[in-house]
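See structure below.
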Number of protein chains: 4
Amino acid sequence: MIKKEKITDKKSALLQATLTLVNNHGFHNTPMSKIAKLAGVSPATIYLYFENKQDLINTLYLEVKESFSVCAFEGYHEEMSVKKGFELIWFNIANYKLNQINEATFLSQCDNSPMIDEAIRIEGLKHLQPLLNLWEKGKKEGIIKPLSDYILYAFTIYPLSFLLEMQDRDIYTLNENVKTKTFQAAWDAIRM
Amino acid sequence: MIKKEKITDKKSALLQATLTLVNNHGFHNTPMSKIAKLAGVSPATIYLYFENKQDLINTLYLEVKESFSVCAFEGYHEEMSVKKGFELIWFNIANYKLNQINEATFLSQCDNSPMIDEAIRIEGLKHLQPLLNLWEKGKKEGIIKPLSDYILYAFTIYPLSFLLEMQDRDIYTLNENVKTKTFQAAWDAIRM
Amino acid sequence: MIKKEKITDKKSALLQATLTLVNNHGFHNTPMSKIAKLAGVSPATIYLYFENKQDLINTLYLEVKESFSVCAFEGYHEEMSVKKGFELIWFNIANYKLNQINEATFLSQCDNSPMIDEAIRIEGLKHLQPLLNLWEKGKKEGIIKPLSDYILYAFTIYPLSFLLEMQDRDIYTLNENVKTKTFQAAWDAIRM
Amino acid sequence: MIKKEKITDKKSALLQATLTLVNNHGFHNTPMSKIAKLAGVSPATIYLYFENKQDLINTLYLEVKESFSVCAFEGYHEEMSVKKGFELIWFNIANYKLNQINEATFLSQCDNSPMIDEAIRIEGLKHLQPLLNLWEKGKKEGIIKPLSDYILYAFTIYPLSFLLEMQDRDIYTLNENVKTKTFQAAWDAIRM
DNA sequence: AATGAATGAGAGTTCATTCAT
DNA sequence: TATGAATGAACTCTCATTCAT
């Protein structure tokens, strides 16, 4: 029992260290040696838990993406109305991005660079399916504009990445009041 | 005169080579030696025109950003109505992003990574001033929602980066008809 | 008793694994971890039976060399005539090299590389003493050319290593008929 | 001109250093860093002249093999009688192996290990063709035993490798007189 | 006796940058 | 101005060996 916990300890210490360092310096400016040092292990130890640097990043990506998805759809069920459902999901995502800053920043970096293997990236995309289903329903009901999912995503969820980045750089911070107004913009963009 | 042209030749050959290589392989997978080879010069020559790799990237970034700005505001003058002005600028930017794919991809890469020095990035932002002025006017006239410029940007211009990336990866392509509908989404997001 | 057998079990499993792996991948491409895995034990266990990698190899070398010697002189007794005795030993060795391919290949590899400690190598040579005695007798009787044992060895036994290697690489295989003719060559080389 | 000589200088210094170190410590105990040090250059410089360690070894192998072939067939022409031709070649090779000890030892090591790529090894074999032709002629004339070239090689040329090794280890040295007698053994092995 | 986890030392290789010409 | 040659520093990754259990 103690043993297993310890193992998990080291593996997650490594993942955590990677998250921090990649966020602050980028993938290519994060040598394995620094990850090891921050995690408090020897560089060689990394290779007990991960095949190589790419595998380490991929694993971290999928793990964070998973935690993101869980947050994104928390409290959501398919019987909800389109608007209510979308509102719930949007705020879930917004809160994740603006509160879990480290994780969100990391996902942003990954999604905007060839740092993650294409196959892994695609695997990570599956998590959004419920949102796509919701949009489908909304389009059928004439509530949402008949646009490609890519466009709907681009004008509702993707903008949050920009706001996250602004917040991360201490340029601009959203408070709760503004967040509600921002949701209105997102909803106006895609509603009929 | 001839001499100066020649110099310019080499410098811009280097910038062009950098653009191509960074786009295709990323900043850290683009060694100076390859840039030199593609530009047809010796690695040492790069250092006659640029201080170091970072300076080369910064210079390229500012140059491309400048060309982007010129496009963005082509045909625009401050007497235009808010809606007309915004429409013009939005389509200018959309066309730039979807047609000048190389330049746009490069800007996207830079804006989404710590590859560009913060100071330089801020300098690049100044170019958008006319758009910010337009929004200011729109807000005063009650045409545009009273939101921070960052939010307005996030929900109108920034989404184009996502669509550019989709197009770049051959996942989704916008035709003219859809582009018009997409503009509608952007406008709906920020109009009162 | 059971205990001792078990120990022997593990030790010989390790030796066997080493033989296989070194034959297939060479000394330096055979990590201790792979030896352990193939033998079904932990890497640390190796060090209960052997001081280090070098000791493991040395031990294996001497063991195989011993089995080789047993084969080489099977059925031989000093009362035999020089020719008969030499013929017996030569065929014994030839059959060993061409049939016990794994062991023979391993010996060949060891003998042709600085992989084995010099002291150990010399110890392994002692096993050939009966053959050297036979040659001594042959020289005295005027049946065998008065050449150094090194030369006699070089032109009778050593060539078999080359043929073994050819066979190992599927380049050339000796059948029984050719083997007899080959013995004739060996004998002609050293007989008066 | 000076420049080209310098280039050749460094490349051949590297090849020479490799020869020495591989001879003394084996391929896998010869790190690139030591090769560089012995050649008086930086490790990175090696990669200006060779693709990687394997390429360095391959190049050296082919170069030495070439010099060996030149020696082996010096003074030989196809009009010679079988015996005279064989004698010439055999002594050429013997002298090479016993005098150019470094080169010969290196070739021996390469030929007896998977250190050289198979394709390169095959390329190196072509050099022996004149000897094979000579044997063919000898077999037709009924002067040489009708045995496979592999066997003829094993009992005439290959034994020299053993003697070379003995000499290299200061165990046994051939003088001119003995060398002649040794030739007799080689010739007796394959003549009718 | 036996182990899985852990590691320090070192391997091959790359690259931004410099220097002699 | 322009260069090809050269390099020191740093990278990722491997492995013989050890240690706590």
Side-chain angles (χ1 to χ4, degrees), chain A residues 2-4 6-7 9-11 28-36 40-56, chain B residues 3-4 6-7 9-11 27-37 40-57, chain C residues 3-4 6-7 9-11 27-37 40-56, chain D residues 2-4 6-7 9-11 28-36 39-56:
Chain A
I2 288 168
K3 237 182 177 177
K4 187 158 183 197
K6 264 196 175 174
I7 288 177
D9 263 1
K10 255 171 203 177
K11 187 168 184 179
H28 284 286
N29 287 314
T30 300
M32 295 298 259
S33 55
K34 275 190 192 162
I35 294 175
V41 300
S42 154
T45 303
I46 301 181
Y47 296 87
L48 294 178
Y49 299 99
F50 306 96
E51 273 185 32
N52 48 40
K53 194 179 182 184
Q54 188 64 57
D55 180 40
L56 168 58
Chain B
K3 234 183 174 178
K4 188 162 182 193
K6 264 197 174 172
I7 287 175
D9 262 2
K10 274 189 187 166
K11 188 168 183 179
F27 178 62
H28 283 283
N29 290 314
T30 299
M32 296 296 261
S33 55
K34 274 190 192 162
I35 294 174
K37 188 173 285 176
V41 302
S42 157
T45 303
I46 300 182
Y47 293 85
L48 297 177
Y49 297 100
F50 306 95
E51 272 185 35
N52 49 37
K53 195 178 182 184
Q54 189 62 59
D55 179 40
L56 168 57
I57 283 285
Chain C
K3 235 181 175 182
K4 189 165 183 191
K6 264 197 176 174
I7 288 175
D9 261 2
K10 271 186 189 168
K11 189 169 183 178
F27 178 63
H28 282 284
N29 290 314
T30 299
M32 296 294 261
S33 55
K34 274 190 192 163
I35 294 175
K37 190 174 284 175
V41 302
S42 157
T45 303
I46 300 181
Y47 293 85
L48 297 177
Y49 297 100
F50 306 95
E51 270 183 36
N52 49 37
K53 195 179 182 183
Q54 189 62 57
D55 180 40
L56 169 58
Chain D
I2 288 168
K3 237 184 178 175
K4 189 162 183 197
K6 264 199 174 172
I7 287 177
D9 263 1
K10 253 169 204 176
K11 187 170 183 178
H28 284 286
N29 288 313
T30 300
M32 297 296 260
S33 54
K34 276 190 190 161
I35 295 175
V41 301
S42 153
T45 303
I46 301 181
Y47 295 87
L48 293 179
Y49 298 99
F50 306 96
E51 273 185 33
N52 48 39
K53 194 179 182 184
Q54 188 63 57
D55 180 41
L56 168 58

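Naming convention: chains lettered A, B, ... in sequence-line order (proteins, then strands); numbering from 1 in each chain.
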Between B:Gly40 and A:Ser33, which residue's closest nucleotide on DNA chain F lies nearer the 5′ terminus?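 Looking at the nearest nucleotide for each, B:Gly40 comes out on the 5' side.
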Distance test, side-chain N/O of [X] to OP1/OP2 of [N], below 4.0 Å:
X       : N      : value
B:Lys10 : F:dT1  : no
D:Tyr47 : E:dC15 : no
A:Tyr49 : E:dA5  : no
C:Thr45 : E:dT3  : yes

I need the [atom1]-[atom2] distance between [X] and [N], as an integer number of Å.
X       : N      : atom1 : atom2 : answer
D:Ile35 : E:dT13 : CD1   : P     : 10 Å
C:Asp55 : F:dT17 : CG    : C1'   : 14 Å
A:Asn52 : E:dG12 : CG    : P     : 20 Å
D:Ile46 : F:dA6  : CD1   : P     : 13 Å
C:Gln54 : F:dT17 : CD    : C1'   : 15 Å
A:Lys34 : F:dT12 : NZ    : C1'   : 15 Å
C:Asn29 : F:dT14 : CG    : C1'   : 11 Å
D:His28 : F:dC15 : NE2   : P     : 11 Å

Could I get the full list of side chain to side chain donor-acceptor pair (under 3.5 Å) partners for B:Gln54, not counting sequence neighbours?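 Side chain to side chain donor-acceptor pair (under 3.5 Å) check on B:Gln54 returns B:Asn58.
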With the side chain of [X] defined as its heavy atoms from C-beta on, choose the nearest nucleotide among [options].
X       : options               : result
B:Pro31 : E:dT7, E:dA16, F:dC13 : E:dA16
B:Leu48 : F:dT17, E:dG12, F:dA2 : F:dA2
A:Met32 : F:dT3, E:dT13, F:dT12 : F:dT12

Taking for each residue the nucleotide of DNA chain E bearing the nearest heavy atom, is the 5' side occupied by A:Pro43 or by D:Ala44?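 First, find each residue's nearest nucleotide; the 5'-ward one identifies A:Pro43.
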With nearest nucleotide decided by heavy atoms, which residue, C:Ser42 or B:Lys53, maps closer to the 5′ end of DNA chain E?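 It is C:Ser42 whose nearest nucleotide is closer to the 5' end.
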Please check if the number of heavy atoms outside C:Lys53 that lie under 6.0 Å from its NZ is greater than 12.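 Yes, NZ of C:Lys53 has more than 12 neighbouring heavy atoms, counting only those of other groups under 6.0 Å.
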Within-4.5 Å side-chain heavy-atom neighbours: C:Met32 and C:Asn52: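 Side-chain contact under 4.5 Å: no.
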A:Leu56 versus A:Ile35: any side-chain heavy-atom pair under 4.5 Å?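 Yes; the side chains approach each other to less than 4.5 Å.
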Find the runs of at least 3 consecutive base pairs, i with j, i+1 with j-1 and so on, that include DNA chain E, using Watson-Crick or G-U wobble geometry with both distances under 3.5 Å.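 Only these stems qualify: E:2-21 with F:2-21.
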Identify the two heavy atoms, one from A:Pro43 and one from A:Ser33, that lie closest to each other, and give their separation to 0.1 Å.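 Nearest heavy atoms, A:Pro43 then A:Ser33: CG-CA, 4.5 Å.
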Going from CG on C:Asp55 to OH on C:Tyr49, what distance comes out if it is rounded to the nearest 0.5 angstrom?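 Separation between the atoms: 14.0 Å.
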